[in-house]
Asker: 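Sending over a structure as structure tokens; questions will come in a sec.
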Number of protein chains: 2
Amino acid sequence: MKASQLKQTLGAAEQSCRASGARLTEKRRNVLAVLLRAKTPLSAYEIAEQYGRDYGEPIPAMSVYRMLDFLADENLAHKLNSENKYLACAHIACDHSHETPQFLICSRCSKVREIGIKPEVIAALRDTVEGAGYHLLTSQLELDCLCDECGRSAA
Amino acid sequence: MKASQLKQTLGAAEQSCRASGARLTEKRRNVLAVLLRAKTPLSAYEIAEQYGRDYGEPIPAMSVYRMLDFLADENLAHKLNSENKYLACAHIACDHSHETPQFLICSRCSKVREIGIKPEVIAALRDTVEGAGYHLLTSQLELDCLCDECGRSAA
DNA sequence: CTTGATATGATATAATGTAACATAATAATA
DNA sequence: TATTATTATGTTACATTATATCATATCAAG
């Protein structure tokens, strides 16, 4: 993410936290900034390393885990359960309400696209699940994909 | 899984391996049996422990990982990427060809149901993915659910 | 029966994550 | 402001999941 957009996004995050009565401390904001600048999802330990490089002071991985929990609670970051990695929410700046995210994960270059899947498709999924006697709790999907770029170069 | 069904399933696994020219060794078969008897998915280390209890001889976790790789290659077991756990394929005995599995994971009791999602739903998902410029590689879904039982008792 | 390939054992270590307690910073209130 | 309560962060220890590497054992083919 470019510097100008980064600043704006961090501002939006600030506002969003203020609205929910949460404290976006400097370090939490820095962790979010690391995620926003990253081209791919990062592990907690990778975030800690990058934080050290970006801000000149080391941060314990344990703190990163807690800050990621905070950011996830505030819908500012998401965890990719299938990868054990974390990424910034793609919809911090744009207002449109925080629906459950779906992720397209390029298995070649690890680039991730956060999208919204059509309600009909989710509804159909939910129907199938109910039909099997289960109840869908979250519709966060993590799909194993090839991105456009890798798709072309691999073909 | 009941003993009678277990035997039959292991027989089917044997045949399936013979058909593909793979060797279902005793230990691989035992690991599969551990998974078939388990009520929930198990981690590799849990499998190793259970193997020790069931067969009276310890097995190194590293061996279990290799055997799980083998079983996954043969479509006899699956890995739940979101849980880092493994489970037996639900379709070893029944012939119907091995489609990509989808899993309903009860987040309360960890019970997992392997189902097939309607081709239309998968196709719709695939369309959405293509629309975003990505290409769907596998349609293995791992859905965060409540099972019927837990749904009732939690309500 | 011996050679080559495959399977397993053993050891070390990396990567991810949690638990528990200490200290520091902030907020609320007297 | 001083005091106290709450929240945030640091520190240490350790649990869990996974991979890499090399040695040994077992099986299959000639």
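Here is how names work: the chains are called A, B, and so on, in the same order as the sequence lines, proteins then strands, and each is numbered from 1.
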Asker: If a pair satisfies ring pair (Phe, Tyr, Trp, His ring centres under 6.0 Å) and one of its residues is in residues 30-64 of chain A, list it, with sequence neighbours excluded.
Answerer: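 Applying ring pair (Phe, Tyr, Trp, His ring centres under 6.0 Å) to every pair that reaches into residues 30-64 of chain A, excluding sequence neighbours, yields A:Tyr51-A:Tyr55.
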Asker: Tell me, which pairs form a salt bridge (charged side-chain N to carboxylate O under 4.0 Å, His left out) where one or both residues lie in residues 48-63 of chain B, sequence neighbours left out?
Answerer: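 Residue pairs passing salt bridge (charged side-chain N to carboxylate O under 4.0 Å, His left out), neighbours aside: B:Arg37-B:Asp54.
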Asker: Please name all residues satisfying ring-ring contact (aromatic ring centres under 6.0 Å, His included) with A:Phe70, sequence neighbours left out, ordered by chain then number.
Answerer: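 By the ring-ring contact (aromatic ring centres under 6.0 Å, His included) rule, A:Phe70 matches no residue at all.
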Asker: What donor-acceptor contacts under 3.5 angstrom involve side-chain atoms of residues 131-140 of chain A, with partners at least two apart or in another chain?
Answerer:
residue: A:His135; atom: ND1; partner: A:Glu130; partner atom: OE2; Å: 2.8
residue: A:Thr138; atom: OG1; partner: A:Gln140; partner atom: N; Å: 3.2
residue: A:Gln140; atom: NE2; partner: A:Lys79; partner atom: O; Å: 3.1
residue: A:Gln140; atom: NE2; partner: A:Glu142; partner atom: OE2; Å: 3.1

Asker: For B:Tyr65, what residues pass the ring-ring contact (aromatic ring centres under 6.0 Å, His included) criterion, not counting sequence neighbours?
Answerer: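 None.
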Asker: Please identify each residue that fulfils side-chain hydrogen bond (donor to acceptor under 3.5 Å, both in side chains) with B:Ser20, with sequence neighbours left out.
Answerer: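 Scan of B:Ser20 (side-chain hydrogen bond (donor to acceptor under 3.5 Å, both in side chains), adjacent residues dropped) gives B:Glu74.
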Asker: In the 5'-to-3' direction, what one-character label does each nucleotide of nucleotides 4-19 of chain C receive under the scheme B = base within less than 4.0 Å of a protein heavy atom, S = sugar-phosphate only, - = no such atom?
Answerer: --SSBB-BB---BBBB
Asker: Quick one: does B:Leu80's side chain get under 4.5 Å of B:Asn84's, heavy atoms only?
Answerer: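 A side-chain contact is absent here, since even the closest heavy-atom pair is not under 4.5 Å.
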Asker: Under a criterion of less than 4.0 angstrom to any heavy atom of chain B, what are the 5'-terminal and 3'-terminal contacting nucleotides of DNA chain D?
Answerer: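 Span of nucleotides near chain B: D:dT17 to D:dA28.
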Asker: Suppose the criterion is salt bridge (charged side-chain N to carboxylate O under 4.0 Å, His left out): which pairs have a residue in residues 23-32 of chain B, not counting sequence neighbours?
Answerer: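 Output for this query lists B:Glu14-B:Arg29.
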Asker: Whole angstrom is fine here: how far is it from CZ in A:Arg18 over to P in C:dT26?
Answerer: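 About 16 Å, once rounded to whole Å.
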